[in-house]
Amino acid sequence: MNNINWVCKKCQKRIRASYEIESDLRCETCSARLELGFSEGITWDTFNSKIHGILRYNDLIPVSQPNLVKVTDFENPEFTFPIESRKMAEFLGVESVHLLAPIYGPSGTFKDIEAAIVIAKCLDWSIKKRLSWHSTGNTARAYREYAIKCDLKSDSYFPLNCLDKFKGVAKNNENILIAYNGPFQEISSLAKKRAKENGSMHLAPLHWKIEGKAIIAYVVFENLPETNVVVQTIAGGYGILGFDLGVSRLKQLNLLQKTNLRYELFQIEGADTISQLMPLDREISETDLKLPVNPFERTLQSTNPLSTFNLVRKIIASTGSNINSVTKEDVIQYSKYFEKECWNLGINISYDDEKSPFISWAGLVIASKHKRLSKHDRIVIIITGAQKRLGKSPEVDILLKKTKG
């Protein structure tokens, strides 16, 4: 997409892309939310069958083609096709199960698609400042790899106890690793404060986090248009927001007509804020947040959904979907079967390295046992987390210590 346009459906204004517009995506005239404008005549045949990965869906992505090319590796795309598991379908008693593993980008994590779009967008905006971000590991690792690829400079903030999420990364003097030995919930304000002091640009835009995740919907429905159940482990809910954005765009373009899609979403017990608060059916505040002290999976400890809760709740209500908690005992019990079958299918995830996708599988098994799945369900499981991590954990460039008091 070379000529990116945004459209205000309220006042019908069409606006050319710029940093000022895209940093907020609000109409300058009426303040309504802007939506992406598309060229006419887009069909599934529009997409180049010889290209896999992000660039395949260039016409649906609000990033310039030259910068998408810069972040894309034609030889090693972030994802290929959903892979069928007849064994899992039989195990669950459903019509079909496919697994989509978007974990083959430079960082080997589920966050690579998001990182590619965010970094490519920084190139669109001609950002000259040093970049900055924080996460429990995967997001920072992915953003850092794409920054290195595009010759940008960055600071990656993360909890010291998540250092193993960076196994195998190479030292880079312009893209530094900054660990904090205090609670993850304090890192956001710490990173933003340091970025402001250092004149860096801290990236935490909601829209651009979910933009990359919309691509997963394009992959699923181009290859498996009859899918009626999408499964994912979530923390703050950005994954489902992105996927649903992708679904809405496909419907807008008449590339998807089905209306019976539902989501089966899972959170690990102890870090399941959204799952626990959903039945309350009310607005939430900081006093409602349930922050894990010793999370079962450290990449899921960011459970501050104040900015996403109402959006996730709306999607679940409008689609008849479900979000459920899963116990660590269930994850452990069903992990070996899932890991073995994934490896048989060529998806090299590791329970020891990251438990996120195993939470979804355990949740599905429990849903099957409780008769919540149908024999007609055609399921796609989004493999979150990362590939098996190889190499040693790196030395941090800067260690920030929590001060007393």
Side-chain angles (χ1 to χ4, degrees), residues 1-43 46 54 57-68 71 113-114 116-129 131-133 188 192 195-196 199-215 217-218 236-256 259 283-285 305-319:
M1 181 174 286
N2 289 316
N3 298 313
I4 304 166
N5 288 283
W6 296 92
V7 178
C8 176
K9 287 198 170 181
K10 185 175 180 181
C11 67
Q12 301 303 309
K13 189 174 182 180
R14 199 172 185 92
I15 306 170
R16 285 293 299 271
S18 68
Y19 173 73
E20 290 71 25
I21 291 296
E22 293 181 319
S23 61
D24 186 45
L25 286 180
R26 293 286 178 183
C27 178
E28 297 172 308
T29 302
C30 67
S31 298
R33 192 76 181 172
L34 298 178
E35 297 184 15
L36 185 60
F38 295 104
S39 304
E40 293 183 1
I42 294 178
T43 69
T46 301
I54 293 171
Y57 302 103
N58 172 66
D59 290 307
L60 303 181
I61 301 172
V63 176
S64 69
Q65 186 179 40
N67 286 328
L68 279 181
V71 301
I113 306 177
E114 172 188 328
I117 299 304
V118 170
I119 297 302
K121 203 63 207 174
C122 287
L123 296 179
D124 274 0
W125 294 332
S126 300
I127 300 298
K128 304 300 182 184
K129 291 183 178 182
L131 301 176
S132 169
W133 39 71
S188 176
K192 290 175 182 177
K196 184 176 181 180
S200 302
M201 180 177 180
H202 193 76
L203 296 179
L206 171 63
H207 182 82
W208 296 101
K209 279 185 69 68
I210 69 175
E211 194 66 57
K213 296 174 173 64
I215 298 172
Y218 309 153
Y238 288 101
I240 187 61
L241 294 180
F243 193 96
D244 206 65
L245 172 65
V247 168
S248 68
R249 286 181 178 163
L250 293 179
K251 288 181 177 180
Q252 177 186 344
L253 293 165
N254 293 316
L255 296 176
L256 177 65
T259 58
E283 301 293 318
I284 66 171
S285 65
L306 291 178
S307 61
T308 58
F309 179 77
N310 286 332
L311 298 172
V312 172
R313 179 171 60 185
K314 182 178 179 181
I315 291 172
I316 290 175
S318 64
T319 57

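Below, all heavy atoms of this structure are taken into account, side chains as well, without hydrogens, waters or symmetry copies.
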**Message:** Let's go through L203 and M201 carefully: what are the C-alpha distance in whole Å and the side-chain angles of both, what is the deciding distance for side chain to side chain contact (heavy atoms under 4.5 Å, CB included) to 0.1 Å, and is it a yes or a no?
**Reply:** CA-CA 6 Å; L203 296 179; M201 180 177 180; 3.8 Å; yes
**Prompt:** Do L34 and V7 come within less than 4.5 Å of each other through their side chains, counting heavy atoms only?
**Reply:**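 When only atoms from C-beta onward are counted, V7 and L34 do not touch, as no gap falls below 4.5 Å.
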**Prompt:** Taking C-beta and beyond as the side chain, do R313 and L311 meet within less than 4.5 Å on heavy atoms?
**Reply:**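 Side-chain contact under 4.5 Å: no.
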Quiz: residues 239-248 side-chain donor-acceptor pairs under 3.5 angstrom, not counting sequence neighbours:
| from | atom 1 | to | atom 2 | distance (Å) |
| --- | --- | --- | --- | --- |
| D244 | OD1 | Y263 | OH | 2.8 |
| S248 | OG | L245 | O | 2.7 |

Could you pull out the closest heavy-atom pair between [X] and [Y], with the gap in Å?
X    : Y    : result
P62  : R249 : CD-NH1, 4.2 Å
L250 : L60  : CD2-CD1, 4.2 Å
K129 : G199 : CD-O, 3.5 Å
D59  : F38  : O-CD2, 3.7 Å
T46  : G41  : OG1-O, 3.9 Å

**Item:** Residues that S200 engages under side chain to side chain donor-acceptor pair (under 3.5 Å), provided they are two or more places apart
**Value:**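 Testing S200 for side chain to side chain donor-acceptor pair (under 3.5 Å), a comparison that skips the adjacent residues, returns none.
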**Request:** Name all residues meeting the side chain to side chain donor-acceptor pair (under 3.5 Å) criterion together with H202; count only those two or more places apart in sequence or in a different chain, and write none if there are none.
**Result:**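 H202 satisfies side chain to side chain donor-acceptor pair (under 3.5 Å) with S132, H134 once adjacent residues are dropped.
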Could you give the distance from [atom1] ([X]) to [atom2] ([Y]), rounded to the nearest 0.5 Å?
X    : Y    : atom1 : atom2 : answer
L255 : I42  : CG    : CD1   : 7.5 Å
S318 : I315 : OG    : CD1   : 6.5 Å
I113 : I54  : CD1   : CD1   : 6.0 Å
C8   : E35  : SG    : CD    : 9.0 Å
Q12  : C30  : CD    : SG    : 10.0 Å

**Prompt:** What side-chain hydrogen bond (donor to acceptor under 3.5 Å, both in side chains) pairs are there with at least one residue in residues 21-32, not counting sequence neighbours?
**Reply:**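 Only W6-E22, K13-T29, E22-K121, E22-W125 qualify under side-chain hydrogen bond (donor to acceptor under 3.5 Å, both in side chains).
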**Asked** Can you list the residues that meet the ring pair (Phe, Tyr, Trp, His ring centres under 6.0 Å) rule with Y57, with sequence neighbours excluded?
**Response**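 If we apply the ring pair (Phe, Tyr, Trp, His ring centres under 6.0 Å) test to Y57, skipping adjacent residues, the hits are F47, Y218.
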**Request:** Apply side chain to side chain contact (heavy atoms under 4.5 Å, CB included) to L36 and N5, showing your working.
**Result:** CA-CA 6 Å; L36 185 60; N5 288 283; over 6 Å; no
**Message:** My understanding is that only one of K209, K213, H207 makes a side-chain hydrogen bond (donor to acceptor under 3.5 Å, both in side chains) with E211; could you say which?
**Reply:**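 Only one of K209, K213, H207 forms a side-chain hydrogen bond (donor to acceptor under 3.5 Å, both in side chains) with E211, namely H207.
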**Request:** Would you check, one step at a time, whether the test side chain to side chain contact (heavy atoms under 4.5 Å, CB included) holds for Y238 with T308?
**Result:** CA-CA 7 Å; Y238 288 101; T308 58; 3.8 Å; yes
**Side chains of D124 and S64, donor plus acceptor under 3.5 Å** =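 Looking only at side-chain atoms, S64 and D124 do form a donor-acceptor pair, the distance falling under 3.5 Å.
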**Request:** Output, in order, the C-alpha distance, side-chain angles, deciding distance and verdict of side chain to side chain contact (heavy atoms under 4.5 Å, CB included) for I119 and L131.
**Result:** CA-CA 10 Å; I119 297 302; L131 301 176; 4.2 Å; yes
**Message:** Holding to salt bridge (Lys or Arg N to Asp or Glu O under 4.0 Å), I want the full list of residues that pass it with K196, two or more places apart in sequence or in another chain.
**Reply:**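 Scan of K196 (salt bridge (Lys or Arg N to Asp or Glu O under 4.0 Å), adjacent residues dropped) gives none.
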